[in-house]
Each structure stands twice: as structure tokens, then as C-alpha cells.
Amino acid sequence: MIYPHQCPGCRVLVQDHLHLCPECWREAHFISGCICPKCGVQMLGDHNDAHILCDDCLNTRRPWTRGRAVFLYNAKARSMILALKRKDRHDLVAPFAHWMLRRGAEIFPPAPLLIPIPLHWQRQWRRRFNQSALIVQKMTRMAGIDCCLDGLKKCRRTPELKDHTAAERRKLLHASMAVNPARAGCVSGREVVLVDDVFTSGATFSEAARACLEAGAKTVSVMALARAAKPA
């Protein structure tokens with residue numbers, strides 16, 4: 001009665017705080033059907049084939065094995081993600097983690113190690129938290145999955161990437177991440193799942209996957225809350 005369940009998208013009262021109200025559900029484009037096995041983007045077709053990739057994954061080398069995303073990065077997804085990042089809506093962490101666990105079940109190995117994409121310390125100091133780390137922490141508590149919240153570190157500060165092309169993003173992010181030396185033993189030999197809020201070009205995931213593989217990770221998969229791409 002004191003803290004009634006609210007829709008993560010618009011805060012109207014709902015029966016379960018892990019689910020959207022009908023109106024927000026219609027506005028949020030949850031990815032389903034035929035998807036690219038590498039990045040999780042929705043494609044034309046009515047069935048999945050592990051060998052059929054989207055154009056981006058055909059033209060760009062992806063160092064990870066498999067990838068999934070919960071929904072398309074449209075206006076509704078953007079408003080919810082920015083509400084967490086800029087408005088301290090920490091109540092959104094639980095539904096985000098719930099949705100990512102359900103979607104990630106398709107690619108999670110038997111004993112995955114979840115690692116969030118890191119922020120540079122200056123950016124995290126200004127924001128006061130890493131949204132991907134909060135989601136990973138909640139996923140771990142919900143499903144009992146191993147995680148390493150500080151498994152990766154940002155070696156140098158990089159500029160905002162939203163106005164750069166995919167090639168420019170890859171160049172700007174080159175050698176910008178590394179496995180935390182204090183956690184190298186946790187990564188070696190493990191099947192790592194990298195977690196981030198938004199998958200745009202894949203440059204960030206590529207750099208993080210490279211760092212994990214160089215540190216001895218057995219495999220790397222990627223899991224994003226939203227995929228920035230046009231709907232199929």
C-alpha cells in the first residue's frame with residue numbers, strides 16, 4: 001500500500017513491477033522472431049538459423065560468439081534507459097535484469113560469468129554509478145549467476161560516440177579496455193557474458209571481448225538491453 005507497483009515505462013499502477021502496462025508494452029519493441037545470432041537484431045524471416053547473419057555482422061568481424069538484445073532502441077526504450085542513467089530511477093534495474101535474464105537464457109552457457117561494460121572512472125564519478133554494473137548485480141541476485149563487477153577497466157577516457165560512424169568508434173575505442181589485473185584469474189578459462197545497456201555499432205562490445213579473450217576467456221557472448229537498429 002505504501003509503495004504500489006508501478007509500470008517501468010510510465011509509472012501507472014500495475015500488478016507486477018517487472019512488467020510494463022499494456023500501453024507501454026505496445027510502444028516498446030521487444031525483439032522476437034528471426035534474429036541475428038551474433039548481435040540479436042531482428043531480421044526478416046519466420047525462423048532462426050545460427051548461420052544466417054545480419055548485414056552488419058557479415059561486414060564486420062565480431063570477436064564474440066553469440067549475442068542477444070531485449071528490445072529495439074526506440075523512443076520508449078531510450079526514455080527508460082535514460083531515466084536510469086540520468087534521473088536515478090534505480091527502480092528500473094529489477095525489470096531490466098528480469099528481461100535480460102529471460103532473453104539471455106537462449107545464449108547463456110551452463111556456468112556463465114557476467115561482466116558489465118566499464119565506465120571510465122571520471123564518468124562514473126560524475127554519474128555516481130555504472131548502470132550496466134547495477135543490472136549485472138541484480139541479474140546475479142535473481143538467478144544465482146556468477147559475476148565480476150570490476151572484471152574490466154577503462155584504461156583511458158574516450159569521447160561520446162553517438163555522433164561517430166562505426167569505423168570511427170572502433171578507432172576511438174582501440175586499446176581502451178583491459179581486464180582488471182586483480183581479476184585476471186576470474187576471467188581465464190570462463191565463459192564470459194558481457195552486459196551493456198545499448199548495443200549500437202558493436203565497437204564497445206568488440207573491444208571488451210578482445211580484452212577478455214586475450215586474458216584467457218574460453219568464450220565471450222554479449223547481452224544488451226537495447227539494440228540500436230531499424231525494425232525488421
Side-chain angles (χ1 to χ4, degrees), residues 28-43 48 50 52-82 84-85 92-93 95-108 112 114-119 123 130-136 139 151-152 154 158 160-174 176-177 192-213 219-232:
H29 186 109
F30 281 80
I31 297 173
S32 61
C34 185
I35 59 172
C36 173
K38 276 280 189 179
C39 71
V41 72
Q42 193 164 355
M43 302 193 300
N48 290 316
I52 299 178
L53 304 179
C54 69
D55 290 343
D56 286 345
C57 291
L58 283 172
N59 297 322
T60 305
R61 180 183 174 276
R62 308 293 199 189
W64 65 82
T65 304
R66 296 173 294 178
R68 291 293 186 274
V70 175
F71 41 58
L72 185 71
Y73 190 59
N74 61 6
K76 176 55 67 176
R78 183 176 184 275
S79 68
M80 289 191 291
I81 291 173
L82 290 182
L84 169 60
K85 294 168 68 172
L92 294 171
V93 173
F96 287 172
H98 172 72
W99 298 336
M100 294 179 83
L101 283 171
R102 292 186 61 181
R103 193 57 170 157
E106 302 175 358
I107 64 167
F108 285 177
L114 304 183
I115 299 180
I117 295 297
L119 294 177
R123 184 166 294 169
N130 176 355
Q131 70 280 356
S132 298
L134 292 180
I135 295 171
V136 164
M139 292 170 72
L152 286 169
K154 198 75 176 288
T158 53
E160 291 286 347
L161 302 175
K162 61 181 180 179
D163 296 324
H164 294 276
T165 66
E168 290 171 341
R169 288 168 183 247
R170 289 191 294 270
K171 185 176 180 179
L172 288 168
L173 287 167
H174 178 67
S176 65
M177 294 185 206
V192 171
V193 178
L194 298 171
V195 177
D196 203 7
D197 54 351
V198 181
F199 182 128
T200 306
S201 69
T204 299
F205 273 136
S206 290
E207 180 61 20
R210 176 202 59 77
C212 290
L213 292 169
T219 63
V220 176
S221 301
V222 302
M223 182 74 224
L225 182 61
R227 178 69 165 93
K230 295 179 180 180

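The figures here come from the full heavy-atom set of this structure, side chains too, leaving out hydrogens, waters and symmetry mates.
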Heavy-atom pair with the smallest gap, counting every atom of [X] and [Y]:
X	Y	value
Ile117	Ala208	CD1-CB, 3.5 Å
Val41	Cys54	CG1-CB, 3.8 Å
Pro63	Leu213	O-CD1, 3.4 Å
Ala226	Ala69	C-CB, 4.2 Å
Leu194	Leu152	CD2-CD1, 3.8 Å
Ile52	Met43	O-CE, 3.6 Å

Calculate, to the nearest 0.5 Å, the distance between atoms [atom1] and [atom2] belonging to [X] and [Y] respectively.
X	Y	atom1	atom2	result
Asn74	Ser79	CG	OG	8.0 Å
Leu92	Gln131	CG	CD	12.0 Å
Ser206	His174	OG	NE2	12.5 Å
Ile135	Trp99	CD1	CH2	10.5 Å
Arg169	Glu207	CZ	CD	14.5 Å
His29	Gln42	NE2	CD	4.0 Å

Worked verdict on Phe96 versus Met80 for side chain to side chain contact (heavy atoms under 4.5 Å, CB included): CA-CA 10 Å; Phe96 287 172; Met80 289 191 291; 3.9 Å; yes
Side chains of Val193 and Met100 in contact at under 4.5 Å (non-hydrogen atoms):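 No; the side chains remain at least 4.5 Å from each other.
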Side chain proximity check, Thr60 to Arg170, heavy atoms < 4.5 angstrom: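 Sidechains of Arg170 and Thr60: in contact.
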Test log, rule side chain to side chain contact (heavy atoms under 4.5 Å, CB included), inputs Leu84 and Asp197: CA-CA 10 Å; Leu84 169 60; Asp197 54 351; over 6 Å; no
Contacts of type salt bridge (Lys or Arg N to Asp or Glu O under 4.0 Å), residue Lys38, not counting sequence neighbours: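 Partners of Lys38 under the salt bridge (Lys or Arg N to Asp or Glu O under 4.0 Å) test: none.
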Sequence neighbours excluded - side-chain hydrogen bond (donor to acceptor under 3.5 Å, both in side chains) pairs with any residue from residues 64-73: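 Sorted pair list: Arg68-Glu106.
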Check: Asp196 side chain, Val222 main-chain N or O, donor-acceptor pair, under 3.5 Å: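 Answer holds: no.
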Flag, side chain of Arg103 to backbone of Phe71, donor-acceptor distance under 3.5 Å: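 Side chain of Arg103 to backbone of Phe71, a donor-acceptor pair under 3.5 Å: no, none is there.
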Thr204 vs Leu173, side chain to side chain contact (heavy atoms under 4.5 Å, CB included): CA-CA, chis, key distance, verdict: CA-CA 7 Å; Thr204 299; Leu173 287 167; 3.4 Å; yes
Mutual orientation of the aromatic rings belonging to Phe205 and Phe199 [parallel < 30°, tilted 30-60°, perpendicular > 60°]: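 Tilted, since the angle between the ring planes falls between 30° and 60°.
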Steps toward salt bridge (charged side-chain N to carboxylate O under 4.0 Å, His left out) verdict (Glu168, Lys171): CA-CA 5 Å; Glu168 290 171 341; Lys171 185 176 180 179; over 6 Å; no
Evaluation steps, side chain to side chain contact (heavy atoms under 4.5 Å, CB included), between Asp56 and Cys39: CA-CA 9 Å; Asp56 286 345; Cys39 71; 5.8 Å; no
